[in-house]
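Have a look at the structure below before the remarks.
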Amino acid sequence: MEIQVTQSQGVTVVVPSGDLDMGAADQVRRVLTELIDKGQLKLVMDLGGVGYIDSSGLGTLVASMKQARAAGGNLKLCALQDDVRSIFEMTRLIKVMSVHVTRQEAVASWG
Amino acid sequence: MMDEGSEGTFVLMSEPQHLARLREWLRGEFTRLNVEHHEQFGLQVAVGEICSNSIRHAYAGLGGKPIHVSVRGSDDRLVIEVRDFGKKFDPQSYRPPDLEAVVEGGIGLHLVRQFVDELSYDVTQEQGTRWTLVKHRRRG
């Protein structure tokens, strides 16, 4: 999986591309943990390039969200494709994670 | 690493990096069987979760172990079987996830059930577990 990390208005934007499955979950977790450990706590993950996610991928995002929140930040999501969004709805994560329609909206939400 | 037989079967090795190849094969099978696109995604998730469980639990993360996946279809249903040869599934050890608790794991079977109409398992073989997933098909 390709993962780009960029900065936008003081927010760290993580942009994975590919399938977020059991095979990619550890890689995503390592990237997010490294960012949080470095104090980059305003995080947005743009999932526009992710067409598939499984329970391992979800688990990684939940763990990273908890890690970021415990450190005083958060991991916000944006640009979910319809199929991926349906998984967040089935697991009710759509209610507890901060999910935005566009990257601009997610970045702006940090104020 | 994989063997694609003539009867809709695929042999996956128990390593997470091979799951993408499985999905590619499933897409081909589902297209061949005229499964609607929006149902293909859910069935890929369901089969992928069963195989991930086999990798994680039946084989305890050990690579190089076989997982057999077969797909067959008729006018009224799709039947997908996943067979591993590792530690048998133990229903006593399974706890349904508490979705209100924002859990990090243990939601694989919950997801499977969202996408199929029937889910069963058979541990009567000498080794491993045979999972059967059934999806009813709407007529006409």
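First the proteins, then the strands, lettered A, B, ... as listed; each starts at 1.
- Taking non-hydrogen atoms and a 4.5 Å limit, the residue list of residues 38-47 of chain B in contact with chain A, ordered by number, reads B:Phe41, B:Gln44, B:Val45.
- Interface residue A:Ile53: only backbone heavy atoms are found under 4.5 Å from chain B.
- Following chains of ILVMFWY side-chain contacts shorter than 4.5 Å, one cannot reach A:Val11 starting from A:Leu77, and the two form parts of different hydrophobic clusters.
- Only the side chain of A:Met65 comes within contact range of chain B, judged by heavy atoms closer than 4.5 Å.
- For the atom pair A:Asp19 CG and B:Leu19 CG, the distance stands at 10.0 Å (nearest 0.5 Å).
- Each salt bridge (Lys or Arg N to Asp or Glu O under 4.0 Å) pair with one or both residues in residues 61-83 of chain A, not counting sequence neighbours, appears once here: A:Lys66-B:Glu104.
- Within residues 59-68 of chain B, no residue approaches chain A closer than 4.5 Å by heavy atoms.
- Inter-residue side-chain proximity for B:Leu111 and A:Ile87 is flagged as met; some heavy-atom pair is nearer than 4.5 Å.
- Side-chain contact between B:Arg56 and A:Ser56 is present, with at least one heavy-atom pair separated by less than 4.5 Å.
- How far CG of B:Leu22 is from CG of A:Asp21: 10.0 Å, rounded to the nearest 0.5 Å.
- For a heavy-atom cut-off of 4.5 Å, chain A lies close to no residue in residues 120-135 of chain B.
- Other residues, nucleotides and ligands place more than 12 heavy atoms under 6.0 Å from the CD atom of B:Glu118.
- Residue-environment remark: NZ (B:Lys87) stays at or below the threshold of 12 foreign heavy atoms within 6.0 Å.
- Hydrophobic clustering places A:Leu32 together with A:Met1 (ILVMFWY residues linked when any side-chain heavy atoms are closer than 4.5 Å, directly or through intermediates).
- Between chain A and the options B:Glu49, B:Gln114, B:Glu15, heavy-atom pairs under 4.5 Å are most frequent for B:Glu49.
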